[in-house]
*Asks:* 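Would you mind keeping the following structure in view while I ask a few things?
In what follows, chains are A, B, ... by sequence order, proteins preceding strands, each numbered from 1. Just so you know, these numbers come straight off a predicted model, no measurement behind them.
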2 protein chains.
Amino acid sequence: MSDSHDSVGIVTAQTAVFDTPLPLNSGAILQGYQLRFETYGELNAAKSNAILICHALSGHHHVAGRYQADDKAAGWWDNMVGPGKPIDTRRFFVVGVNNLGGCHGSTGPSSINPATGQPWGSAFPVVTVSDWVYSQSRLADRLGIERWAAVIGGSLGGMQALQWSIDYPERIAHALVIASAPKLSAQNIAFNDVARQAIITDPEFHGGDFYAHNALPRRGLRLARMLGHITYLSDDGMGAKFGRMLRSGDYRFGYDVEFEIESYLRYQGDKFSDAFDANTYLLMTKALDYFDPAKSFGGDLVAALKKASAQFLVASFTSDWRFSPERSRETVKALVAANRPVSYAEIESVHGHDAFLMTDEPYVQLMRAYLDRVAREVQA
Amino acid sequence: MSDSHDSVGIVTAQTAVFDTPLPLNSGAILQGYQLRFETYGELNAAKSNAILICHALSGHHHVAGRYQADDKAAGWWDNMVGPGKPIDTRRFFVVGVNNLGGCHGSTGPSSINPATGQPWGSAFPVVTVSDWVYSQSRLADRLGIERWAAVIGGSLGGMQALQWSIDYPERIAHALVIASAPKLSAQNIAFNDVARQAIITDPEFHGGDFYAHNALPRRGLRLARMLGHITYLSDDGMGAKFGRMLRSGDYRFGYDVEFEIESYLRYQGDKFSDAFDANTYLLMTKALDYFDPAKSFGGDLVAALKKASAQFLVASFTSDWRFSPERSRETVKALVAANRPVSYAEIESVHGHDAFLMTDEPYVQLMRAYLDRVAREVQA
């Protein structure tokens with residue numbers, strides 16, 4: 001596949017190795033770690049045009065472009081990042097990073113634990129959104145970026161953008177918090193727990209040390225992903241795309257795949273279970289559950305956000321029921337009460353939670369307009 | 001526990017054995033079968049005061065009362081059925097039946113297949129809502145009931161009430177269709193498929209023939225039930241009851257049970273996985289997926305309901321997102337278009353789908369008022 005004029009083109013991932021110990025919220029300390037990342041565009045002389053893209057549950061550092069011309073798929077946000085795209089790589093230096101605990105090149109449960117020479121597995125510490133932000137700040141140091149023009153993320157990525165604004169107020173000019181929430185609801189946690197239990201109770205999980213058993217808890221991970229997908233799509237969107245369509249003409253009165261929606265979910269589950277690390281999945285869902293920036297401020301989100309000095313864009317999607325517009329409005333209300341400048345957009349979309357990855361025109365226009373403003377500030 | 005004045009008291013289950021072959025929608029024929037059932041109240045001389053209660057996914061024939069004075073729990077709808085209760089056993093002869101394919105005494109996958117002398121297991125045929133109604137009509141024959149004063153059910157039970165009105169218009173005076181839908185959405189089917197896949201991919205399932213292996217697919221059934229429970233409760237109701245409450249004071253940075261909602265779900269899952277048959281769970285969810293009374297009328301629900309001559313009560317609950325009020329309104333609109341008399345109530349409740357089992361006062365009043373009317377017709 002040849003690269004079009006608005007693609008960042010062929011990209012190469014890089015690795016940053018850190019040998020300074022990283023103390024984590026849990027009390028554990030990682031003696032050393034590495035972060036896998038990619039960059040697109042050029043850092044300007046003032047080092048003022050850098051944007052950090054934070055990924056969601058199953059994302060990674062490969063945000064845009066292709067590794068090889070014939071790669072089937074481009075980076076996960078290639079529709080949003082590139083020359084002339086809303087996150088315009090002619091104007092911005094864009095950084096994508098695989099989070100600590102990930103399974104795409106950054107240190108995580110499937111990495112070798114130097115203390116044992118074996119994969120970390122169950123011994124890998126649980127990390128939090130705040131830990132990620134901390135580790136990302138060290139990457140920023142390494143890249144010579146004192147202050148991000150913007151930190152941007154959808155879903156769990158939006159939580160990182162919000163946490164950046166609280167933990168490093170002086171290092172972030174704009175936080176773009178998309179399809180996210182200030183903390184998970186009981187229902188959100190419940191879905192995560194079913195997913196985790198599917199993985200943990202898979203006999204092939206071996207208490208998290210499946211690597212040593214040459215096993216993979218595929219069944220559990222597959223179920224987790226199938227369930228996840230239901231919460232990423234809207235009821236209406238699923239209805240429009242799949243409805244009650246059958247793969248063959250009529251009911252077959254058995255338990256093989258029958259409805260198109262079953263076929264779609266099982267395919268998604270199968271694909272994911274071959275590619276993703278089960279321990280990383282557990283860890284990412286736990287970071288979601290734990291995220292609650294108000295917690296260390298006595299439950300007062302306004303007090304937490306008073307620490308911030310960034311400007312905010314908060315965006316939600318009408319059909320997103322995983323992190324509904326109501327959840328984004330909680331963030332907006334707290335920002336307003338904390339006297340922080342915030343723009344809020346509730347975008348009409350049938351794409352549910354997944355809309356943050358899609359190209360609904362009002363969303364693209366919003367991002368383009370907001371980032372135009374960020375770019376003008378950078379140049380000013 | 002002593003029985004209060006409004007309880008049906010000590011009850012005894014009965015078994016009706018049928019040796020007339022039962023042809024099923026799938027094309028399979030059950031040569032013989034039995035139905036487990038209970039009755040409360042007295043059938044009047046005109047045999048005009050009989051009410052059939054149809055159960056939902058995990059329900060059964062034990063609707064009201066206790067088998068022994070010290071039973072911890074009464075029947076599943078004891079709050080609605082009894083002397084002086086909305087379904088008043090001083091006025092009505094109430095019948096509860098365990099559906100064919102069930103695991104509470106009616107013939108099902110865990111019953112002995114006379115052809116092999118072994119449990120049916122995977123050989124038990126898939127049954128539909130229409131098959132259930134057919135088998136229930138034979139039970140009505142056996143009991144001498146030509147026409148039900150009402151057929152009542154919530155969720156999957158409501159689908160049976162609707163199907164009764166279409167399949168046997170002359171045999172049902174009133175259909176009470178509560179927290180139900182005229183067919184499942186793609187999202188509904190998706191949740192069912194994840195539950196089924198959890199069971200089917202459990203290594204202890206053995207293709208449905210786990211009885212022969214002296215095994216139980218507990219892990220799969222547990223996950224299915226945990227997931228089910230999320231869809232039975234509302235986001236708000238779960239938030240009010242559990243929120244983000246932790247079992248111990250603070251985060252523990254591990255994968256053991258931590259949030260109260262996790263504890264609740266796992267307990268529900270554990271309890272269910274010890275008590276319910278996995279093949280019955282599969283079969284019940286499949287009956288849900290297949291339910292679509294419009295299907296044999298070219299997809300025209302109005303045409304299907306034109307066959308009915310019953311009067312209808314359709315009720316939904318505001319916080320029910322499994323079968324939302326919108327789905328009940330589809331039924332109501334089709335009934336109106338089919339020129340059938342229908343009352344519709346959209347009941348304010350935080351209890352989600354489970355509200356049909358609960359005792360929200362407006363719901364109780366509605367049922368009482370409607371069944372008063374049914375009782376007066378019986379006496380007239």
Side-chain angles (χ1 to χ4, degrees), chain A residues 24-28 122 125-126 128 183-191 193-194 196-198 200-203 208 219 222-223 226-227 229-230 233-236 238-245 251-255 257-262 264-266 269 282 286 289-290 292 295 321 324, chain B residues 24-28 122 125-126 128 183-191 193-194 196-198 200-203 208 219 222-223 226-227 229-230 233-236 238-245 251-255 257-262 264-266 269 282 286 289-290 292 295 321 324:
Chain A
L24 301 170
N25 282 155
S26 65
S122 62
V126 172
T128 67
K183 63 185 175 196
L184 261 57
S185 70
Q187 190 191 68
N188 294 146
I189 296 170
F191 277 121
D193 195 49
V194 176
R196 280 191 298 263
Q197 287 295 302
I200 288 172
T201 64
D202 184 329
R219 283 180 294 253
R222 174 176 180 268
L223 290 170
M226 289 175 73
L227 177 53
H229 259 280
I230 300 178
L233 305 180
S234 74
D235 192 7
D236 284 351
M238 226 185 225
K241 193 166 173 187
F242 302 104
R244 295 177 53 83
M245 268 189 302
Y251 295 161
R252 295 169 67 175
F253 299 99
Y255 298 111
V257 63
E258 189 157 18
F259 289 93
E260 288 290 354
I261 181 64
E262 297 174 319
Y264 170 80
L265 283 182
R266 295 184 196 184
L282 295 181
K286 208 69 190 175
D289 288 3
Y290 283 158
D292 182 8
K295 189 165 178 285
W321 61 279
S324 70
Chain B
L24 302 170
N25 281 156
S26 65
S122 61
V126 172
T128 66
K183 63 185 176 196
L184 261 57
S185 70
Q187 190 191 69
N188 295 145
I189 295 170
F191 277 120
D193 195 49
V194 175
R196 281 192 295 263
Q197 287 295 302
I200 288 172
T201 65
D202 185 327
R219 283 181 293 254
R222 174 176 179 268
L223 290 170
M226 288 176 73
L227 177 53
H229 259 280
I230 301 179
L233 304 180
S234 75
D235 191 7
D236 284 350
M238 226 183 227
K241 193 166 173 188
F242 302 104
R244 295 176 55 81
M245 268 189 302
Y251 296 162
R252 295 169 67 175
F253 298 100
Y255 297 110
V257 64
E258 190 158 18
F259 290 93
E260 287 290 355
I261 181 63
E262 296 175 319
Y264 170 81
L265 284 183
R266 295 182 197 185
L282 296 180
K286 208 70 190 176
D289 288 3
Y290 284 158
D292 182 7
K295 190 165 179 284
W321 62 278
S324 71

*Asks:* Is chain B contacted by the side chain of A:D289, its backbone, both, or neither, given a heavy-atom distance below 4.5 Å?
*Replies:*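 Both backbone and side chain.
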*Asks:* Can you tell me which of A:N25, A:N188, A:I230 forms the most heavy-atom pairs within a distance under 4.5 Å of chain B?
*Replies:*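 Top count of heavy-atom pairs under 4.5 Å with chain B: A:I230.
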*Asks:* Report the residues that fulfil side-chain hydrogen bond (donor to acceptor under 3.5 Å, both in side chains) with A:R244, sequence neighbours left out, ordered by chain and then residue number.
*Replies:*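 Partners of A:R244 by the side-chain hydrogen bond (donor to acceptor under 3.5 Å, both in side chains) criterion, ordered by chain and then number, come out as A:Y251.
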*Asks:* Of the backbone (N, CA, C, O) and the side chain (C-beta and beyond), which part of B:R266 lies under 4.5 Å from a heavy atom of chain A, both, or neither?
*Replies:*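 Contact with chain A: side chain only.
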*Asks:* If you count heavy-atom pairs under 4.5 Å between each of A:M245, A:H229, A:R196, A:E260 and chain B, which one has the most?
*Replies:*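 The option with the most such pairs is A:R196.
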*Asks:* Does any heavy atom of chain B fall under 4.5 Å from the side chain of A:I200, the backbone, both, or neither of them?
*Replies:*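 Side chain only.
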*Asks:* Counting only non-hydrogen atoms closer than 4.5 Å, does B:L265 touch chain A with its backbone (N, CA, C, O), its side chain (CB onward), both, or neither?
*Replies:*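 Answer is side chain: those atoms of B:L265 sit under 4.5 Å from chain A.
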*Asks:* Measure distances from B:L184 to the heavy atoms of chain A and classify the residue's part below 4.5 Å as side chain, backbone, both or neither.
*Replies:*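 For B:L184, backbone and side chain are both near chain A.
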*Asks:* If I measure from the heavy atoms of chain B, does A:E258 come under 4.5 Å with its side chain, its backbone, both, or neither?
*Replies:*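 Contact with chain B is through the side chain of A:E258 alone.
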*Asks:* Which atom pair, heavy atoms only, marks the closest approach of B:L223 to A:V194?
*Replies:*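 So the two residues come closest at CD2-O, 3.7 Å.
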*Asks:* To the nearest 0.5 Å, what is the distance between CG (A:L233) and CD (B:Q187)?
*Replies:*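 Output value for this atom pair is 9.0 Å.
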*Asks:* With a 4.5 angstrom heavy-atom cut-off, could you sort out which part of A:R222 is near chain B: side chain, backbone, both or neither?
*Replies:*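 Interface part for A:R222: side chain.
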*Asks:* Between the side chain of B:Y290 and the main-chain N/O of A:F253, is any donor-acceptor distance below 3.5 Å?
*Replies:*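 Yes; at least one donor-acceptor contact below 3.5 Å.
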*Asks:* Where does B:D236 contact chain A at under 4.5 Å (heavy atoms): side chain, backbone, both or neither?
*Replies:*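 Neither part.
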*Asks:* What residue, out of A:G243, A:G269, A:P125, has the most heavy-atom pairs lying under 4.5 Å from chain B?
*Replies:*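 When all of A:G243, A:G269, A:P125 are compared, A:G243 has the most.
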*Asks:* With only heavy atoms counted, which part of B:T128 is less than 4.5 Å from chain A, the side chain, the backbone, both or neither?
*Replies:*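 Only the side chain of B:T128 comes within 4.5 Å of chain A.
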*Asks:* Are A:D193 and B:I261 close enough that some pair of their side-chain heavy atoms sits under 4.5 Å apart?
*Replies:*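 They are not in contact (no side-chain heavy atoms under 4.5 Å apart), so the answer is no.
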*Asks:* Would you mind telling me which of B:M226, B:M238, B:E262 has the largest number of heavy-atom pairs within less than 4.5 Å of chain A?
*Replies:*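 Looking at each option in turn, the highest pair count goes to B:E262.
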*Asks:* Out of A:G254, A:S234, A:S26, return the one with the most heavy atom pairs under 4.5 angstrom to chain B.
*Replies:*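 Heavy-atom pair counts peak at A:S26.
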*Asks:* Got more than 12 heavy atoms from elsewhere within 6.0 Å of NZ, A:K183?
*Replies:*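 No, not enclosed.
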*Asks:* If I take atom CG from residue A:L227 and atom CD from residue B:Q197, how far apart are they, to the nearest 0.5 angstrom?
*Replies:*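 Rounded to the nearest 0.5 Å, the CG-CD separation comes to 13.0 Å.
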*Asks:* Just to verify, what does B:F259 make a ring-ring contact (aromatic ring centres under 6.0 Å, His included) with, not counting sequence neighbours?
*Replies:*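 ring-ring contact (aromatic ring centres under 6.0 Å, His included) check on B:F259 returns nothing, list empty.
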*Asks:* Need one label for B:F191: side chain, backbone, both or neither, based on atoms under 4.5 Å from any heavy atom in chain A.
*Replies:*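 Both parts, backbone and side chain.
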*Asks:* Mind ranking A:A186, A:S122, A:G208 by heavy-atom pairs under 4.5 Å with chain B and telling me who comes out on top?
*Replies:*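 When all of A:A186, A:S122, A:G208 are compared, A:A186 has the most.
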